[in-house]
Amino acid sequence: MEKESYQELEQRIAAYEIRVKDLEVVNEELSDFIENAALPLHWVNGEGIITWANQAELSALGYLKEEYIGQPISKFHADQDIIADILSRLTKYETLHNYRARLVCKDGTIKHVLISSNVLEKEGKFIHTRCFTRDITPLVLEEQRKNDFVSMVSHELKTPLTSILSYVQVMLSRTSKTSDAFISQALSRTEKQAKSMTRMINDFLNMSRLEQAKVQLDIAPFDLNELLHEVAEEIELTNHTHHIQYAHAGEISISADRAKLSQVLDNLINNAIKYSPEHSTITVGFEQVGTDVKIYVRDQGIGISEADQKRLFERFYRVESKATKHATGFGIGLYLVAEILRYHHSKIEVVSSPGEGSTFFFLMPIE
Ligand code: ADP
């Protein structure tokens, strides 16, 4: 092999130097870019200490570099359980996407943010996490204003409606003794409509409570069979169109919030009535599945396509079709059902196909 001349070696070293210089320039440009990027960024080490933050992050929260960098990240979080969860996930090398959190600004105000974060590791060693925060405060405040409004309107509507309903019920009990069939039929219909309106208003109230995280569960053991009968009997008072039948596996006790579970069943049975033809049968029941009980409401109604099943439990989602055109509602019943069950660590599920009826069910552990 020919020996490299001194001149050639010199040329090669010069070329390397140029490349190193290029890399330094690129590195500097990148550092400058992230330092001045509009997106707030910060790095946190394995001990939960902020090791770096860019200008956008500092000015969003109002801190000076020396007040922020070097401090524990938990100091700037309004909810200690949230930051504890974030840090524990990150130390397990999890990647976070749009994790909702609340940060405390220097002037004491709270910012609602979405945090996305991943871990930089080298040879299996935790170096730091890189966190991007997105400010969603205006959206959250707007949502809160909307919730307050819905909750206020619902409250105001509930009082006169309760009074109308009780007068109708008194009139109904008096007219049933008279022979005027028209009046008693008209009053029955008025009672049914007033009850349906009360249900919608209660759904709105419950939705705004849920969204403001004001829901507290009152968990206690109770007999499932009793609850099922209670809910269905209440519905039977105004249901003269559908046949409700019970199918149950004897006495089963579960631990849950009885009033909220009653709301879940009430919503499911009323939907079964609303979306199935008159004189069809609705089956309300439960059966044991291992150590759980499966609670279900089955109808012989219009059914639901697979595409709609995927979106059914979203807030305000309603199926647009000829068959559902005349049914009134706001698309919050099933959202509430799903949320209440989520609070109970359970999940609403549906088995259905168009024209063949639907079965809504969920599992709860047996007491
Ligand atoms: P709403 O009944 O007020 O529209 P829900 O959240 O209770 O709202 O239900 C969402 C949608 O799911 C309804 O609009 C309806 O199209 C569909 N749905 C709910 N229950 C049934 C059912 N038992 N059979 C067929 N479709 C149903």
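Whatever order the structure lists ligands and atoms in, that order sets their numbers, starting from 1.
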K.L.:
Below the 3.5 angstrom mark, is there an N/O of Gly303, backbone or side chain, next to an N/O of ligand 1?
P.N.:
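In this structure, Gly303 places no N or O atom under 3.5 Å from an N or O of ligand 1.
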K.L.:
Looking just at side-chain N and O atoms, do Ser276 and Gln300 make a donor-acceptor pair shorter than 3.5 Å?
P.N.:
no
K.L.:
Answer yes or no: does an N/O atom from Phe330 fall short of 3.5 Å to an N/O atom of ligand 1?
P.N.:
yes
K.L.:
Write out the residue and atom name of the closest protein heavy atom to atom 23 (N) of ligand 1, then the distance separating them to 0.1 Å.
P.N.:
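Here the nearest protein heavy atom works out to Asp299 OD2, 2.8 Å.
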K.L.:
List ligand 1 atoms under 4.0 Å from Lys274, heavy atoms only on the residue side.
P.N.:
1 (P), 2 (O), 3 (O)
K.L.:
Determine whether the aromatic ring centres of Phe76 and Tyr63 lie less than 6.0 Å apart.
P.N.:
yes
K.L.:
Does any N or O of ligand 1 fall below 3.5 Å from an N or O anywhere on Ile304, backbone included?
P.N.:
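There is no such contact.
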K.L.:
Any side-chain heavy-atom pair from Asn239 and Ile273 closer than 4.5 angstrom?
P.N.:
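Yes. Closest side-chain heavy atoms under 4.5 Å.
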K.L.:
Evaluate Tyr317 for polar contact with ligand 1, using N/O atom pairs at a separation under 3.5 Å.
P.N.:
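N/O-N/O distance under 3.5 Å: no.
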K.L.:
May I ask you to identify the nearest protein heavy atom to atom 17 (C) of ligand 1, giving residue, atom name and distance to one decimal place in Å?
P.N.:
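Ranked first by proximity to atom 17 (C) of ligand 1 is Leu312 CD1, 3.9 Å.
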K.L.:
Is the closest heavy atom of Met200 to ligand 1 under 4.0 Å?
P.N.:
no
K.L.:
So, are Asp203 and Arg199 salt-bridged, with charged N and O less than 4.0 Å apart?
P.N.:
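Salt bridge: no.
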K.L.:
Side chains of Arg174 and Val170, heavy atoms from C-beta outward: is any pair under 4.5 Å?
P.N.:
yes
K.L.:
For atom 7 (O) of ligand 1, what is the closest protein heavy atom, and at what distance to 0.1 Å?
P.N.:
Asn271 ND2, 2.8 Å
K.L.:
Tell me whether Ile348 is reachable from Leu312 by hopping between hydrophobic residues (I, L, V, M, F, W, Y) whose side-chain heavy atoms are closer than 4.5 Å.
P.N.:
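Yes, Leu312 connects to Ile348 through the hydrophobic network.
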K.L.:
Given Thr283 and Arg298, is the side chain to side chain donor-acceptor pair (under 3.5 Å) satisfied, shown in steps?
P.N.:
CA-CA 5 Å; Thr283 312; Arg298 179 178 304 136; 5.1 Å; no
K.L.:
For Gly301, state whether at least one heavy atom is located under 4.0 Å from any atom of ligand 1.
P.N.:
no
K.L.:
Considering only NZ, NE, NH1 and NH2 on the basic side and carboxylate oxygens on the acidic side, decide whether Glu57 and Lys65 come within less than 4.0 Å.
P.N.:
no
K.L.:
Short list, please: which atoms of ligand 1 are under 4.0 Å from a heavy atom of Ser358?
P.N.:
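Near Ser358, meaning under 4.0 Å from one of its heavy atoms, ligand 1 has 24 (N).
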K.L.:
Would one find an N or O of Gly333, backbone or side chain, under 3.5 Å from an N or O of ligand 1?
P.N.:
yes
K.L.:
Hey, is Ile302 touching ligand 1 through its side chain, its backbone, both or neither, going by heavy atoms under 4.0 Å?
P.N.:
side chain
K.L.:
Need the ligand 1 atom indices (1-based, order shown) with element for anything under 4.0 Å from a heavy-atom of Phe360.
P.N.:
20 (N), 21 (C), 22 (C), 23 (N)
K.L.:
What protein heavy atom sits nearest atom 21 (C) of ligand 1, and how far off is it?
P.N.:
Tyr275 CD1, 3.5 Å
K.L.:
Does a side-chain N-to-carboxylate-O contact under 4.0 Å join Glu234 and Lys195?
P.N.:
yes
K.L.:
Quick one, Arg315 with Glu143, criterion salt bridge (Lys or Arg N to Asp or Glu O under 4.0 Å). Give me CA distance, side-chain angles, the key distance, then yes/no.
P.N.:
CA-CA 13 Å; Arg315 195 176 58 156; Glu143 189 83 346; 3.3 Å; yes
K.L.:
Using a strict cut-off of 4.0 Å, indicate which atoms of ligand 1 neighbour a heavy atom of Gly329.
P.N.:
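Listed by number with element: 3 (O).
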K.L.:
What protein heavy atom sits nearest atom 8 (O) of ligand 1, and how far away is it?
P.N.:
Gly331 CA, 3.2 Å
K.L.:
Examine Arg318 against ligand 1 and note whether any of their N/O atoms are separated by less than 3.5 Å.
P.N.:
yes
K.L.:
Tell me, yes or no, whether the heavy-atom count around Lys158 atom NZ, taken from other residues, nucleotides or ligands under 6.0 Å, exceeds 12.
P.N.:
no
K.L.:
Could you tell me, atom by atom, which parts of ligand 1 come under 4.0 Å of a heavy atom of Ile332?
P.N.:
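Those of ligand 1 that fall under 4.0 Å from Ile332 are 6 (O), 8 (O).
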K.L.:
Using a heavy-atom cut-off of under 4.0 Å, does the side chain or the backbone of Thr324 touch ligand 1, or both, or neither?
P.N.:
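Just the side chain.
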K.L.:
In plain terms, say whether Glu349 and Lys310 are close enough for a salt bridge, that is, a side-chain N and a carboxylate O under 4.0 Å apart.
P.N.:
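Salt bridge absent between Glu349 and Lys310.
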K.L.:
How close does the nearest protein non-hydrogen atom get to atom 5 (P) of ligand 1, and which residue and atom is it?
P.N.:
Leu334 N, 3.6 Å
K.L.:
Check this for me: does any side-chain nitrogen of one of Glu28 and Lys21 sit under 4.0 Å from a carboxylate oxygen of the other?
P.N.:
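No salt bridge links Glu28 with Lys21.
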K.L.:
Applying a strict 4.0 Å limit to heavy atoms, is Phe313 in contact with ligand 1?
P.N.:
no
